[in-house]
Amino acid sequence: MVSPAIATAGQLALFAAPPRHWEVLHQSELPALSDRAEALRRELAQLAARQQWRPRVASAHQRTLTMITAWLGVDAPIEEADLWAIARLGNSYNARRLIPFLTKRGLLIADHVRHADPHRAGVARLRRRIPGHLLPEVDVWIAVLRGEGRRPSRPFPWKTVNGYLGYATPMLESWGPSVTSLREITTAHVQGAVDNASGVYGVFTALRSLFKALKRERVIFRDPSRSATFTFRVAVRRPVPSDRLVGLIDRVPTASGRVAVALTAIHALRAHTIRGTLLSDLNRSKGTLGVRGASGRQTRLVYLDDFTLSLTATMLKERAARWPHSTNPHLLVTRVTAQDPAGPQMSHKAFQYFFQCLGINAEQVRIDRILDEARATADPVHLITVFGITEDTAMDYLASAHPEKFPTDPIAP
């Protein structure tokens, strides 16, 4: 029989329905599929065969599509939230690859809550903690950070805004009961906040940004953070014991993992840089790899050694054999991102899994590589050129590698 919910073909919903409880229908007998729903199932099966999905994955997605189209039909777009609700019923259901499949056919209503910027949501949560009488002034600061002040300025991403606000919010909460405006904050207030903070540099930077923005916007007349100071503790970078690095790349089980570890351990690239690298950034004939900055544009070239190039060639052959129809533009892909038409980069969790298999942290490996180069040279320009680090960072590495050559005595964290 046809589901009563779709008995009148083409009938639209009169009002938004509350969240559906699909677990109630989990064990129920499914209604018969309409002709359009059957055609959609055949399209999904053809896509799975063309992209060589594993049988278990294809079956789970077919089961999810069958369940939702049997009860709701395909005359109206399907809520993404319903797909994920069905996927949570058990391992025999999956919705991940249905999202781009249905979107391409205009049959999906995206879940905007699920796809909202988590850092922007974090800013909204922190705003609710700030005392109400200080909130208008804090909003001026947020507007300046986002490039929406009186004078045009480069906008900071929501991740940076969220970080600044995270450091400043506890201070604003503590000042709230004793002041009616941030105009009443003195250098003593700021100095006391910095002296008692656990993350000294983060708090100092956030408060400097706050009061500098308010002075620029003429909300306050003087910047109380300008005279504040803090003691900067230089951390001594420690090398990774050599026994933990022996045969590091050989112990990685996958070809993409070996490339990720090589780019970290040999060329000292950061995790987010490797994850964001595109196939077009690789020039195998010249042996170079373009490195992209925060703006998404290439900022420098890394000259790859023969070993890394051979690992990359092996990975690309395996990728072509395993996912011949993948359109993902990134150099490193997983079984999830390779089949996603949106072409996302691999997640941070997936990248870190390569190093978890080795029992070591990616950043530790990167630091060890730069420190090893710093021990071989005392030239900061060499470190800046090879690894693309700043002058201050290069001097920090040299101070850790050659403490006898520097008058300051770095303090270990």
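All figures in this text were calculated on a predicted structure; none of them were measured in a lab.
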With side chains defined as the heavy atoms from C-beta onward, is the minimum distance between [X] and [Y] less than 4.5 Å?
X: Leu279; Y: Asn328; result: no
X: Val261; Y: Phe355; result: yes
X: Leu269; Y: Thr277; result: no
X: Val161; Y: Arg146; result: yes
X: Arg292; Y: Leu278; result: yes
X: Ile130; Y: Leu165; result: yes
X: Arg150; Y: Arg218; result: yes
X: Leu98; Y: Ile78; result: no

(Q) Salt bridge check, Glu43 against Arg105: does any charged N sit closer than 4.0 Å to a carboxylate O? (A)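 A salt bridge is present here (some side-chain N lies under 4.0 Å from a carboxylate O).
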
I need the minimum non-hydrogen distance between [X] and [Y], along with the two atoms involved.
X: Glu217; Y: Val140; answer: CG-CG1, 3.7 Å
X: Ala378; Y: Pro380; answer: O-CD, 3.3 Å
X: Gly276; Y: Gln345; answer: N-OE1, 3.8 Å
X: Gly106; Y: Pro77; answer: O-CG, 4.1 Å
X: Thr186; Y: Pro224; answer: C-CB, 3.6 Å
X: Ile370; Y: Ala268; answer: CG1-CB, 3.7 Å

Q: Take Phe101 and Leu108, measure what side chain to side chain contact (heavy atoms under 4.5 Å, CB included) needs, and give me the verdict at the end.
A: CA-CA 9 Å; Phe101 174 77; Leu108 188 77; over 6 Å; no

Would you find a donor on one side and an acceptor on the other, under 3.5 Å apart, between the side chain of [X] and the backbone of [Y]?
X: Thr205; Y: Tyr201; value: yes
X: Arg258; Y: Leu311; value: no
X: His119; Y: Gly163; value: no
X: His402; Y: Ala374; value: yes
X: Arg96; Y: His61; value: no
X: Arg183; Y: Val219; value: yes
X: His133; Y: Gly176; value: yes
X: Thr169; Y: Gly166; value: no
X: Asn162; Y: Trp158; value: no

**Q.** Verdict with reasoning, Lys212 to Val144, per side chain to side chain contact (heavy atoms under 4.5 Å, CB included)
**A.** CA-CA 10 Å; Lys212 184 179 179 181; Val144 171; over 6 Å; no

Please round to the nearest 0.5 Å and tell me the distance separating atom [atom1] of [X] and atom [atom2] of [Y].
X: Lys215; Y: Ser225; atom1: NZ; atom2: OG; answer: 10.5 Å
X: Asn283; Y: Leu309; atom1: CG; atom2: CG; answer: 10.0 Å
X: Thr264; Y: Arg369; atom1: OG1; atom2: CZ; answer: 12.0 Å
X: Arg275; Y: Met346; atom1: CZ; atom2: CE; answer: 8.5 Å
X: Leu134; Y: Trp175; atom1: CG; atom2: CH2; answer: 9.5 Å
X: Tyr164; Y: Leu210; atom1: OH; atom2: CG; answer: 11.5 Å

Q) Is there a side-chain hydrogen bond (donor to acceptor under 3.5 Å, both in side chains) between Trp141 and Glu137 once you walk through the steps? A) CA-CA 7 Å; Trp141 175 38; Glu137 294 167 321; over 6 Å; no

Q. What do you reckon, is CZ of Arg56 surrounded by more than 12 foreign heavy atoms closer than 6.0 Å?
A.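 No, the 6.0 Å shell around CZ holds no more than 12 heavy atoms from other groups.
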
(Q) Are more than 12 heavy atoms, taken from residues, nucleotides or ligands other than Arg120, located less than 6.0 Å from that residue's CZ atom? (A)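 Counting other residues, nucleotides and ligands, CZ of Arg120 stays at 12 neighbours or fewer.
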
Q: Please confirm whether Arg208 makes a cation-pi placement over Phe211, using NZ or CZ under 6.0 Å from the six-membered ring centre and within 45° of the ring normal.
A: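 Checked: cation-pi criterion not met.
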
Q: Give the intermediate values and the outcome of side chain to side chain contact (heavy atoms under 4.5 Å, CB included) for residues Leu182 and Leu172.
A: CA-CA 9 Å; Leu182 292 178; Leu172 296 170; 3.9 Å; yes

Q | Short side-chain donor-acceptor distance under 3.5 Å, Glu373 and Thr377 | A |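 No donor-acceptor contact under 3.5 Å links the two side chains.
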
Q. Going by atom types alone, do Thr385 and His382 pair a side-chain donor with an acceptor below 3.5 Å?
A.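 On atom types as modelled, these side chains do not qualify, holding no pair under 3.5 Å.
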
Q: Evaluate the side chain to side chain contact (heavy atoms under 4.5 Å, CB included) criterion for residues His267 and Leu289: first the C-alpha distance (whole Å), next the side-chain angles of each, then the deciding distance (0.1 Å), finally the verdict.
A: CA-CA 10 Å; His267 302 282; Leu289 184 70; over 6 Å; no

Q | Step-by-step side-chain hydrogen bond (donor to acceptor under 3.5 Å, both in side chains) determination, Arg41 to Thr66 | A | CA-CA 7 Å; Arg41 288 185 77 256; Thr66 301; 2.7 Å; yes

Q. With Ser256, which of Thr314, Leu316, Leu332, Leu331 fulfils side chain to side chain contact (heavy atoms under 4.5 Å, CB included)?
A.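 In the set Thr314, Leu316, Leu332, Leu331, the residue that makes a side chain to side chain contact (heavy atoms under 4.5 Å, CB included) with Ser256 is Leu332.
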
Q. Taking the inter-plane angle between the rings of Phe354 and Phe351 on a 0 to 90° scale, is it parallel (under 30°), tilted (30 to 60°) or perpendicular (over 60°)?
A.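 If you compare the ring of Phe354 with that of Phe351, the planes turn out perpendicular.
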
